[in-house]
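What follows is a single structure, written as structure tokens, with notes after it.
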Amino acid sequence: GKAGDGDTAGGGGDSKTIGLLLPENKTTRYETFDRPIIEAKIEELCGDCEVKYNNAAQDTETQKKQFDALVTQGVKVIILDAVDYKATKSWVQQAEKKGVKVVAYDRLAEGPISAYVSYDNEKIGRLQGEGLVKALGAKAKESNVVMINGSPTDPNAPLFKKGAHSVLDTGVKKVVYEQDIPDWSPDEANKKMGAAIDSLGKNGFQGVYSANDGMAGGIITALKKQGVKVPVGGQDAELAGLQRILSGEQAFTIYKQIKPEAETTAEIAVKLLKGEDIASLTPTKVTSLTGEFKDIPAKLYDAQIVTKENIASTIIADKVYKAADICTAEYQAACAAAGIK
Amino acid sequence: MSDLTKTPAPDAEQSAAPVPAVDPRLLVREEGLKGYWTEFTRKVRGGELGSLPVFIGLIVIAIVFQSQNGNFLSASSVANIAVYTSGLGIMAVGIVFVLILGEIDLSVGSVAGVGAAVWAVLNVSNGMNDWLAVAIAVLSGLALGLLHGFFFAKIGVPAFVVTLAGFLGWSGLQIWLMGQEGSINAPTGSVVEHLTGYYFEDKAAAYGLALVAVLAYAGSLLLDSKRRKAAALPARPVSEIVLRAGFVAVLCFVVAYVLNEPAGARGLPLALVLFLAVLVVADFVARRTTFGRQVFAVGGNAEAARRAGINVDRVRILVFGLSGLLAAFGGLFVASLSGGATKSLGGGNTLMLVIAAAVIGGTSLFGGRGKVWSALLGMIVIQSIQQGLNMLGMASEIQYMITGAVLLAAVVIDSVSRRTQKTAGRA
Amino acid sequence: MSDLTKTPAPDAEQSAAPVPAVDPRLLVREEGLKGYWTEFTRKVRGGELGSLPVFIGLIVIAIVFQSQNGNFLSASSVANIAVYTSGLGIMAVGIVFVLILGEIDLSVGSVAGVGAAVWAVLNVSNGMNDWLAVAIAVLSGLALGLLHGFFFAKIGVPAFVVTLAGFLGWSGLQIWLMGQEGSINAPTGSVVEHLTGYYFEDKAAAYGLALVAVLAYAGSLLLDSKRRKAAALPARPVSEIVLRAGFVAVLCFVVAYVLNEPAGARGLPLALVLFLAVLVVADFVARRTTFGRQVFAVGGNAEAARRAGINVDRVRILVFGLSGLLAAFGGLFVASLSGGATKSLGGGNTLMLVIAAAVIGGTSLFGGRGKVWSALLGMIVIQSIQQGLNMLGMASEIQYMITGAVLLAAVVIDSVSRRTQKTAGRA
Amino acid sequence: MIHVFATPVLALRGVSKRFGAVQALTDVDLEIHAGEVVALVGDNGAGKSTLVKTISGVHPIDEGAIEWEGDEVKIQRPNDAQDLGVATVYQDLALCDNLDVVANLFLGSELKSLSVLDEIAMEKRAKELLDTLSIRIPSVRIPVAALSGGQRQVVAIARALIGDPKVVILDEPTAALGVEQTAQVLDLVERLRERGHGVILISHNMADVRAVADKVAVLRLGRNNGVFDVKDTTHETIIAAITGATDNAVTRRQARTATKEDAK
Amino acid sequence: MIHVFATPVLALRGVSKRFGAVQALTDVDLEIHAGEVVALVGDNGAGKSTLVKTISGVHPIDEGAIEWEGDEVKIQRPNDAQDLGVATVYQDLALCDNLDVVANLFLGSELKSLSVLDEIAMEKRAKELLDTLSIRIPSVRIPVAALSGGQRQVVAIARALIGDPKVVILDEPTAALGVEQTAQVLDLVERLRERGHGVILISHNMADVRAVADKVAVLRLGRNNGVFDVKDTTHETIIAAITGATDNAVTRRQARTATKEDAK
Ligand SMILES: Nc1ncnc2c1ncn2[C@@H]1O[C@H](COP(=O)(O)OP(=O)(O)OP(=O)(O)O)[C@@H](O)[C@H]1O
Ligand SMILES: Nc1ncnc2c1ncn2[C@@H]1O[C@H](COP(=O)(O)OP(=O)(O)OP(=O)(O)O)[C@@H](O)[C@H]1O
Ligand SMILES: [Mg+2]
Ligand SMILES: [Mg+2]
């Protein structure tokens with residue numbers, strides 16, 4: 001009978017817990033970087049705070065359930081990296097009614113959120129485009145490009161795609177082949193690339209845009225098999241991608257400094273929890289993507305293009321990976337050449 | 001011709017010694033509670049446990065998670081589990097019918113996605129009336145289901161292949177329908193938002209429903225028993241009816257209490273009411289109508305059913321239609337839960353969970369055996385596990401492993417008991 | 001006891017009129033090509049088409065895509081299709097066995113993922129020897145499969161539930177094994193890279209393999225025919241053997257030619273050789289060994305098999321073990337294609353495509369009927385469609401819809417013909 | 001035996017049926033009149049069951065015609081045959097193993113009250129039916145999978161008596177039955193005849209055939225091999241028609257046992 | 001009939017078996033000696049098939065003991081029974097419908113050469129076997145699903161003759177057989193006896209039972225109801241033991257038909 005004695009949503013009960021919801025578990029970053037950094041920072045700022053973490057494995061409905069579970073437990077601040085930034089409107093509205101504050105992390109979740117910390121996904125797309133144009137060098141204007149985009153069901157993929165198009169549509173001759181890859185699947189990307197080569201011929205294109213590093217792996221395998229050597233760019237600065245960059249197979253990746261982003265978010269969350277002002281941490285204001293919610297306090301970071309030349313000054317310097325992680329036996333020589341120790 | 005056997009032939013008076021109606025080898029149950037208990041223990045020993053293992057599993061799950069996180073059995077958590085159970089549970093009801101038919105429907109997730117997309121495009125993007133859009137969405141699910149049924153029954157393509165093609169094709173259709181939008185939000189106050197968002201806050205609702213359920217259950221048992229006695233057939237003793245009704249009453253009122261009373265309770269969720277309504281109707285159809293009987297017959301032995309003059313094709317088409325309809329309806333629940341229709345709605349593990357619910361609940365994958373209520377039981381198990389793990393905030397890969405392990409454990413008890421039955425030659 | 005029937009009883013000489021060995025109602029085929037043709041037309045009319053519909057479907061697919069994109073049948077495209085077919089095809093071989101057993105294995109994708117992860121972690125992260133790491137990866141697949149088999153056969157949990165639990169649990173394990181890394185690259189020149197990356201560039205390889213295949217096929221047919229004649233049993237006429245061998249020869253040499261000769265040709269892909277080797281061995285096991293016979297028997301009627309003294313549990317465990325082993329092996333091919341192991345390897349539609357291949361190729365989902373070669377045929381159909389659509393650069397949602405439609409179409413012909421058979425009482 | 005000169009209720013004219021490479025029936029003729037019991041006999045695999053299945057719509061015929069009360073009819077599905085008034089007990093019984101005895105008995109013709117299944121009426125009626133056939137079944141709510149061979153057979157026979165068929169076809173109805181049940185079924189056949197139904201009875205038991213049949217139609221290797229009037233035909237003639245020879249295992253066995261008896 | 005005083009090959013002592021709420025067998029005793037044919041008879045549902053299945057390991061017994069050549073043995077699985085030397089033809093045949101005749105015949109004891117199935121040897125042997133049983137089957141490469149009832153039954157009987165059993169159990173082996181095939185099977189039973197095998201024969205056909213059996217064991221409602229020596233027992237006694245009454249449908253039918261004959 002006395003089931004709900006752990007007092008819940010009603011009062012200010014659980015004022016020491018911060019919820020952290022991340023969207024997926026199949027790429028490196030979220031579980032490897034975002035989560036530990038945020039947890040560590042919260043621990044540092046608020047010793048007796050607890051972080052409740054959940055990963056939605058790329059499923060909106062699952063994330064909603066996780067969100068509800070946090071609200072049910074009386075969590076007052078939720079850091080939300082939305083699987084689907086649009087779908088969150090009603091969740092955030094309901095949470096707001098219960099006095100739960102939501103910090104949109106990495107993706108601008110729709111709804112009355114309290115703060116937003118991120119990289120601008122469309123801008124990242126633009127960076128990717130620029131990276132590819134740069135890698136093509138002087139011939140860029142005469143080059144045909146293949147675009148391998150992210151998942152058609154992932155609401156973030158169109159943003160990358162849009163940004164990249166805005167650069168490539170003018171920066172190169174033509175996008176001769178373009179495909180969305182369900183689930184960002186590397187082997188699917190491999191097949192699409194193989195088909196593209198078969199269809200366009202080995203000389204039918206001069207560069208490949210890949211929406212992330214995982215797919216770039218599959219794409220490069222397909223290219224190598226046919227003996228095609230053209231610049232390929234990805235995103236995420238995954239270890240495997242960095243190694244390919246070192247060995248010259250991949251031209252660049254996009255590096256988002258996760259640490260500052262994550263730490264700022266943690267700070268904001270703690271401040272919100274303690275009821276402090278966050279204005280100092282959120283210099284800008286943004287409007288939600290549908291335009292419905294305006295003046296959201298925000299902090300936007302800039303991403304960077306990483307090539308062989310600046311791995312040492314970015315990834316290594318920021319301690320994302322240790323030189324030893326990257327420079328396994330196979331890549332020792334390349335590391336040396338790139339000045340990574 | 002019936003008179004042939006009813007009125008004995010002229011010389012029948014010679015057959016003076018009529019065969020006793022009851023076989024002397026049948027172990028008859030004693031009257032009263034004692035008989036109930038001996039029969040119960042005999043059944044347990046013989047491995048005929050019915051839904052008992054799943055019930056026990058559920059209790060174990062509840063105890064374990066409650067001990068880990070005191071909020072697991074809180075009003076709001078229980079209400080959430082009920083709501084989550086409803087959407088996928090409705091899909092699982094359709095699957096139960098398909099499984100009883102001895103077939104499988106892999107397209108439920110995609111059809112749910114199409115249903116949600118149709119609703120969203122009509123209602124939100126084109127401003128159609130709420131109810132009309134919902135009706136069209138559900139009917140489009142029916143249409144897709146009937147199409148599957150047609151290809152399966154009339155053309156003879158294995159249901160697995162038809163619905164696999166549907167699984168791929170309709171998820172393409174869903175993405176295409178959604179067009180440019182990654183997702184379309186359910187407008188505030190819309191029918192779809194209410195599907196999982198509305199709660200009957202009046203306490204009378206939950207208690208009233210519980211009362212009606214118990215009365216209806218007890219009443220039907222009593223009526224049946226009375227009619228059987230009148231027809232001189234063996235009937236359930238009153239003691240058993242009281243026991244059963246009492247059990248149902250405790251269950252219903254405890255749930256109603258948890259939904260109504262504790263702090264943070266929001267009352268009876270509309271979603272649960274709808275799901276229960278679907279269950280009751282579906283159960284009635286399965287057990288008390290000719291159509292239901294035909295579904296079981298076709299699932300048990302399609303050729304025998306055909307020879308008995310059953311229109312096997314019609315039964316098959318209708319069952320797949322039903323499955324499509326319920327999938328689309330369930331899809332609207334999922335949309336309501338996610339905040340709106342998305343391109344990935346119904347993807348991921350939806351299909352697996354829906355089928356798993358039916359199977360965990362005790363419906364056979366090989367046709368001819370199953371209960372509509374297994375959709376409820378199985379889905380509660382699954383959603384409780386997920387809710388519990390979500391509340392504990394475990395790493396997602398560990399969640400996967402635990403879910404897998406618990407799924408297995410939930411069915412192992414059942415399987416072991418059935419194995420006992422099998423060596424006793426009854427399965 | 002066998003003498004009981006062999007040496008007739010003392011008074012057997014009385015039974016002077018021995019029953020004719022051949023039933024007079026059996027329509028015997030005339031000798032020679034003409035007989036072959038009449039039997040063929042009779043079979044076509046009677047709906048016994050075997051693999052013919054799928055062959056025709058494949059030809060239609062080739063013609064359609066070639067007309068849309070002149071490179072579809074180019075050397076490199078054909079080689080790519082062959083390579084793509086190999087990885088998933090190997091998994092499909094395992095599934096064929098499971099389907100013949102009358103069961104299903106939902107875990108193949110996840111087991112493939114675990115296999116790849118095990119290899120990557122051992123070989124790349126821990127620097128273990130290539131071959132050893134590959135062997136351990138494949139064996140871990142075997143172990144997982146045996147575990148499924150154990151729970152299914154010994155504990156009696158339905159295979160669907162066991163492998164569903166595996167599907168969830170092992171994909172968690174896969175993510176956990178991969179640990180920090182989203183993906184781990186296959187080192188240049190490693191065994192796994194070669195799996196799909198290596199081509200026998202020497203033209204002799206492709207032609208030689210074709211020759212060996214044709215000779216082996218014709219030889220086994222001839223030997224069989226000779227032995228049957230020696231035993232006074234009806235045997236295939238030489239004309240038919242020539243015809244069959246000729247057909248196989250044309251097929252093999254055309255493929256070898258396309259792989260070797262045109263511009264851009266890179267020779268015979270290692271992946272194809274490995275896949276063919278798996279097929280030949282698996283086909284031999286299925287058709288020519290006691291184990292294969294037992295698998296069919298258990299799939300046809302497990303109780304009858306048990307009464308015949310077959311160790312049903314053992315057969316089931318081994319088949320699931322085989323399926324796990326082949327899944328892990330196939331997973332290494334997929335890893336090779338993706339450039340390395342990833343956390344998402346084996347997810348998505350992998351499972352669906354693998355099962356679809358087996359079914360399209362003509363293996364029944366209801367057990368007891370199927371051919372190992374259906375894995376090859378079905379997977380070629382699927383990969384050809386995908387390759388064709390990819391080359392046309394169609395939007396992925398349209399691709400989904402077309403794939404669904406073509407899948408359906410590929411099986412419709414087959415189903416219609418089987419329906420004819422069914423009304424003729426043979427299915 | 002009444003109306004022998006009237007139009008037959010059911011007549012087959014030159015019916016042929018092929019399964020793949022097996023020509024199961026060739027040019028078979030058969031006539032059944034109302035109030036007549038025709039026994040269909042023949043060796044194993046002669047095509048008796050196949051013939052019955054063509055009449056009851058399980059397998060449509062390839063060639064030939066089926067006439068019902070003088071008119072040619074098309075029987076494509078079991079439904080067609082049932083609509084005409086043919087009830088069949090199949091050799092392979094064709095019961096739904098998962099359903100209980102009551103559900104099997106009324107499958108396809110359930111009793112309903114207010115369009116809801118009336119289980120109680122069905123159960124009552126089922127008990128009565130089974131009692132007239134002298135069978136003991138532990139419980140009519142047991143799935144038929146749990147029944148003994150004979151119990152299943154009786155359930156199948158009882159099935160055919162629900163509804164009001166004009167022609168009843170019994171394919172080896174007594175094969176699995178005990179002596180008492182066999183006697184009951186033979187009684188039943190006679191009652192059917194008395195009420196003017198046509199009956200086709202397939203049996204390998206010549207004693208039973210001679211006891212109840214009016215005519216015996218012999219099939220051999222899928223072809224007609226004579227129709228005999230039971231009254232004026234000897235046992236030996238029929239056996240010879242069935243086996244196609246006067247010297248067969250049956251006569252040999254008889255001769256042998258006779259010799260042994262003599263020797264004693 | 002030889003060795004009647006020797007230890008029985010197979011003996012059941014107080015065997016009981018329950019299915020759920022049905023007590024199928026209660027305290028049943030049975031003895032089979034080498035070179036002896038024991039007929040097991042009883043009404044439908046008396047428990048004959050159940051008894052046979054407990055011996056052959058399909059259903060393990062609940063209580064009681066099984067003795068093999070004097071020693072108590074545990075029979076838990078069909079394998080155990082086969083290892084002892086029991087071959088069984090089940091009433092429900094238990095063939096794999098999807099496999100062809102040859103594969104079914106040799107299932108579980110395939111002929112091999114170099115551990116590869118020797119299809120040709122098996123096919124040849126299959127033809128010989130079927131010929132001795134006088135059955136015509138269109139092709140031994142046809143799946144058994146396509147066979148007639150009698151053809152399937154013969155395949156099942158032939159199966160039991162492969163290997164070298166000491167006790168052969170035949171559960172209604174002639175139920176679906178034609179006159180000629182029945183005669184062959186009865187011959188076969190006699191040959192088995194002559195070679196010193198023990199045979200349990202279940203049949204509802206008293207003529208067949210009396211023709212080949214040495215002893216008749218009667219089961220009634222799952223209990224022993226007497227063991228009779230065939231030679232010195234009348235038909236009526238056995239029927240009465242089976243039906244449990246001297247006034248039963250059989251005698252009534254006889255009386256009735258006799259009256260009718262008289263009337264004519
Ligand atoms: N579905 C089928 N496919 C192929 N052949 C078949 C099929 N059904 C029956 N046959 C063949 O047709 C012939 C006739 O079979 P049918 O069952 O009619 O014999 P029957 O006279 O009833 O024999 P029995 O007395 O043994 O029951 C047999 O040789 C059988 O093998
Ligand atoms: N698996 C089972 N589950 C429940 N009851 C069973 C099962 N098998 C048999 N029975 C019951 O046990 C009793 C004996 O059946 P059994 O098959 O042994 O009879 P039988 O003597 O062989 O009859 P028949 O002559 O009809 O073949 C029957 O009443 C039957 O309903
Ligand atoms: Mg027959
Ligand atoms: Mg029996």
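Keep in mind that what you see is a predicted model, and the values were worked out from it rather than measured.
Looking at E/D80, its side chain does come within 3.5 Å of a backbone N or O of E/Q76 through a donor-acceptor pair. Without hydrogens or angle criteria, E/E190 side chain to E/D187 main chain gives no donor-acceptor distance under 3.5 Å.
A salt bridge links C/E303 and C/R306; the closest N-O separation between the charged side-chain nitrogens and carboxylate oxygens is under 4.0 Å. In summary, E/E119 and E/R141 engage in a salt bridge, as defined by a charged side-chain N under 4.0 Å from a carboxylate O. Classification of E/K127 and E/D131 as a salt-bridged pair fails, no side-chain N sitting under 4.0 Å from a carboxylate O.
Note on C/G300, C/G292, C/G309: by heavy-atom pairs under 4.5 Å with chain E, the leading option is C/G309. Top candidate by heavy-atom pairs under 4.5 Å with chain E, chosen from C/T290, C/D224, C/I310, is C/T290. Of the listed residues (E/T88, E/L130, E/D92, E/N104), the one with the most heavy-atom contacts under 4.5 Å to chain C is E/D92. Between chain C and the residues E/A121, E/G108, E/P78, the largest count of heavy-atom pairs under 4.5 Å involves E/P78. Interface remark: of the candidates E/S56, E/A158, E/C96, E/C96 forms the most heavy-atom pairs closer than 4.5 Å to chain C.
Taking the ring centre of E/Y90 as origin, the terminal cationic atom of C/R307 falls inside the region bounded by 6.0 Å and 45° from the ring axis.
If you measure heavy-atom distances from E/L95 to chain C, the contacts under 4.5 Å come from the backbone alone. For E/D83, no part lies under 4.5 angstrom from a heavy atom of chain C.
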